[in-house]
Amino acid sequence: MRRGRVLVTGANGFVGGAALAGLERGGWTVIGAARSPMPGTDLRPSPSLDASTNWAPLLSGCDAVVHAAARVHVMRETSSNPLAEFRKANVLGTLTLARQAAEAGVRRFIFLSSIKVNGEETMPGRAFTAYDDPAPADSYAISKLEAERGLRELSAETGMEVAIIRPPLVYGPGVKANFRSMLRWVNRGIPLPLGAIHNKRSLVALENLIDLIGLCLEHPAASGRVVLAADGEDLSTTELLQRIGRALDKPARLIRVPCVALRVGAAVLGRGEIAQRLCGSLQVDTTGARALLGWTAPVSVDDAMSRTARYFLEHDTA
């Protein structure tokens, strides 16, 4: 059954590419837009993500938009004014696209935000919910929150339906950045001082996030809502590395070093943010998505981890 026409931005990215493929399988006619389409693909070249962009040719005939393109969080920022750069792409670029989408008659706009809008860390037993007051702590998260607020105002003005999804760390086949580093460390048998961490962190498998995106495109109750995404099973950093080892069929070589020692060492090296991510908790409560949309993650952590590890072993040659 064909479900209409949807534009997916950032369609050569990790989430955008999976959204394009998943929505096509789900019966949507998908237009994928990417900054640098690979030769031989069906992706359309998209203009830069800023206030001057003309999206009209790509929006023509579209019923919905899944906006996955963004200036993403970077560990080593080079800009002298990072907030201005994030606002240029993530706020002005997003709102330019959304306004033109409304003018083109798009019915629903799905915005991929971030759980970082809620904050950087949760206290024990106190998971983030969609109803918490936002507490963004860096330029990336601030820009995502400002985009969310602008989209709500635009929705009230134009009548275009907006749904906002805030995922935590997304993993799956082809994952990059820190998660791929963990796969490499465990696969190579590198001893890691991460065997005594008792935090709890929520993750979301790529397949689960794409399933939620598809539901938010159609479910009437998603309009005007913020939805949090997660797998439903929270893991400590130690448990995560052990699960990765199990998926790779390699034992994770973990040394028991107390978190306080890790935090002190990281602070001395000027890398306190790394220790915060390794030792701090960040839990996501998805009961709102279950009550509102009837959604639960269809893929288990172990199954998703197995598929991630299989892809890594087949494709990662670095």
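All heavy atoms count here, side chains included; hydrogens, waters and symmetry mates do not.
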### Task
Verify salt bridge (Lys or Arg N to Asp or Glu O under 4.0 Å) between Arg246 and Glu239, making sure each step is shown before the conclusion.
CA-CA 10 Å; Arg246 188 187 309 167; Glu239 290 168 334; over 6 Å; no

### side chain to side chain contact (heavy atoms under 4.5 Å, CB included) evaluation trace for Leu228 with Asp285
CA-CA 7 Å; Leu228 305 190; Asp285 184 345; 5.5 Å; no

### Pair Leu194-Leu262, side chain to side chain contact (heavy atoms under 4.5 Å, CB included): steps then yes or no
CA-CA 9 Å; Leu194 305 173; Leu262 293 174; 3.9 Å; yes

### Pair Asp132-Arg126, salt bridge (Lys or Arg N to Asp or Glu O under 4.0 Å): steps then yes or no
CA-CA 11 Å; Asp132 292 336; Arg126 176 66 176 88; 2.9 Å; yes

### Message
Checking Phe86 against Ile142 for the side chain to side chain contact (heavy atoms under 4.5 Å, CB included) test, could you report, in this order, the C-alpha distance in whole Å, the side-chain angles of both residues, the deciding distance, and whether it holds?
### Response
CA-CA 9 Å; Phe86 279 114; Ile142 290 168; over 6 Å; no

### Message
Leu49 vs Arg71, test: side chain to side chain contact (heavy atoms under 4.5 Å, CB included). Steps then yes/no.
### Response
CA-CA 9 Å; Leu49 191 59; Arg71 186 178 195 267; over 6 Å; no

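Summarising the geometry of Cys62 relative to Leu58, their closest heavy-atom pair is SG-O, 3.4 Å, with the distance given to 0.1 Å. Here the closest non-hydrogen pair linking Ile165 and Ile110 is CD1-CG2, 3.9 Å. Listed here is the closest heavy atom pair of Val8 and Ala11: O-CB, 3.7 Å. In this structure, Asn118 and Thr129 approach most closely via the heavy-atom pair ND2-O, 3.0 Å. Across Thr9 and Ala68, no two heavy atoms sit closer than the pair OG1-N, 3.0 Å. Taking each heavy atom of Ala229 and Pro168 in turn, the nearest pair found is O-CD, 2.8 Å.
With contacts defined as side-chain heavy-atom distances shorter than 4.5 Å, the pair Arg243/Leu235 qualifies. Annotation: side chain of Leu154 is not in contact with side chain of Phe109 (no heavy-atom distance under 4.5 Å). Contact annotation: the side chain of Val6 never approaches that of Ile31 to less than 4.5 Å [non-hydrogen atoms, C-beta and beyond]. The shortest distance between side-chain heavy atoms of Asn178 and Ile274 does not fall below 4.5 Å. Here the side chains of Leu282 and Leu169 are not in contact, with every heavy-atom distance at 4.5 Å or above. Between Leu192 and Ile255, every side-chain heavy-atom pair lies at or beyond the 4.5 Å cut-off. A heavy-atom distance below 4.5 Å is found between the side chains of Gln100 and Asn54. Between Pro136 and Lys116, the closest side-chain pair of non-hydrogen atoms is not below 4.5 Å.
In this structure, the separation between CE on Met182 and CG on Leu240 is 4.5 Å, given to the nearest 0.5 Å. Separation of atoms CZ (Phe128) and CD1 (Ile115) is listed at 6.5 Å; rounding is to 0.5 Å. Rounding to the nearest 0.5 Å gives a distance of 10.5 Å between CG of Asn90 and CD of Glu85. In this structure, Trp295 CH2 and Leu215 CG are separated by 9.0 Å, a value rounded to the nearest 0.5 Å. Between Arg149 atom CZ and Ile164 atom CD1 the span is 10.5 Å, to the nearest 0.5 Å. Between the CG atom in Leu241 and the CG atom in Leu278 there is a gap of 8.5 Å [rounded to 0.5 Å].
With hydrogens and angles ignored, the 3.5 Å screen pairs no side-chain donor or acceptor of Ser155 with any backbone N or O of Leu151. Judged by distance alone, with hydrogens and angles left aside, the side-chain atoms of Ser60 form no donor-acceptor pair with the main-chain N or O of Pro57 at under 3.5 Å. With Ser114 contributing its side chain and Val117 its backbone, the two residues share no donor-acceptor pair below 3.5 Å. Under a 3.5 Å cut-off, the side chain of Thr96 and the backbone N or O of Leu92 do form a donor-acceptor pair. Within the 3.5 Å criterion, the main-chain N or O of Pro82 finds no donor-acceptor partner in the side chain of Ser139. Side chain of Arg3 to backbone of Gly26: a donor-acceptor contact under 3.5 angstrom is found.
In summary, the side chains of Trp28 and Asp63 do not present any donor paired with an acceptor at a separation below 3.5 Å, with no hydrogens or angles considered. With 3.5 Å as the limit, one finds no donor-acceptor pair spanning the side chains of Thr238 and His198. Asn199 and Ser281 form no side-chain donor-acceptor contact under 3.5 Å, judged by distance and modelled atom types alone. Side-chain atoms of Thr53 and Asp50 include a donor-acceptor pair closer than 3.5 Å.
Sorted by first and then second residue, the salt bridge (charged side-chain N to carboxylate O under 4.0 Å, His left out) pairs with a member in residues 248-260 form an empty list; sequence neighbours excluded. Within the structure, ring pair (Phe, Tyr, Trp, His ring centres under 6.0 Å) pairs that include any residue of residues 158-177 comprise Tyr171-Phe179 (at least two apart or interchain).
Between Glu148 and Arg152 a salt bridge is recorded (basic side-chain N to carboxylate O distance below 4.0 Å). Contact check on Glu273 versus Arg271 returns a salt bridge, with a Lys/Arg side-chain nitrogen under 4.0 Å from an Asp/Glu carboxylate oxygen.
Listed by chain and residue number, nothing satisfies the side-chain hydrogen bond (donor to acceptor under 3.5 Å, both in side chains) test with Trp185 (two or more places apart in sequence, or in another chain). Annotation: side-chain hydrogen bond (donor to acceptor under 3.5 Å, both in side chains) contacts of Arg99 (sequence neighbours excluded): Glu157.
The environment of NZ in Lys200 is crowded: more than 12 heavy-atom neighbours from other residues, nucleotides or ligands sit within 6.0 Å.
In summary, of the residues considered (Arg184, Arg310, Lys176), a salt bridge (charged side-chain N to carboxylate O under 4.0 Å, His left out) with Asp316 occurs for Arg184 alone. Partner Leu112 forms a side chain to side chain contact (heavy atoms under 4.5 Å, CB included) with one of Val170, Val66, Thr94 and no other, that one being Val66.
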Per-pair distances, 0.1 Å, donor-acceptor, side chain in residues 101-108, under 3.5 Å, sequence neighbours excluded:
unit_1, atom_1, unit_2, atom_2, d
Arg107, NH2, Leu217, O, 3.1
Arg108, NE, Glu161, OE1, 2.9
Arg108, NH1, Cys216, O, 2.8
Arg108, NH1, His219, O, 2.6
Arg108, NH2, Glu161, OE1, 2.7
Arg108, NH2, His219, O, 3.4

Donor-acceptor list for residues 201-209 side chains, cut-off 3.5 Å, not counting sequence neighbours:
unit_1, atom_1, unit_2, atom_2, d
Arg201, NH1, Arg277, O, 3.4
Arg201, NH1, Gly280, O, 2.9
Ser202, OG, Asp234, OD1, 2.6
Ser202, OG, Val284, N, 2.8
Glu207, OE1, Arg307, NH1, 2.3
Glu207, OE2, Arg307, NH1, 2.8
Asn208, OD1, Val299, N, 2.9
Asn208, ND2, Asp231, OD1, 2.7
Asn208, ND2, Val299, O, 3.0

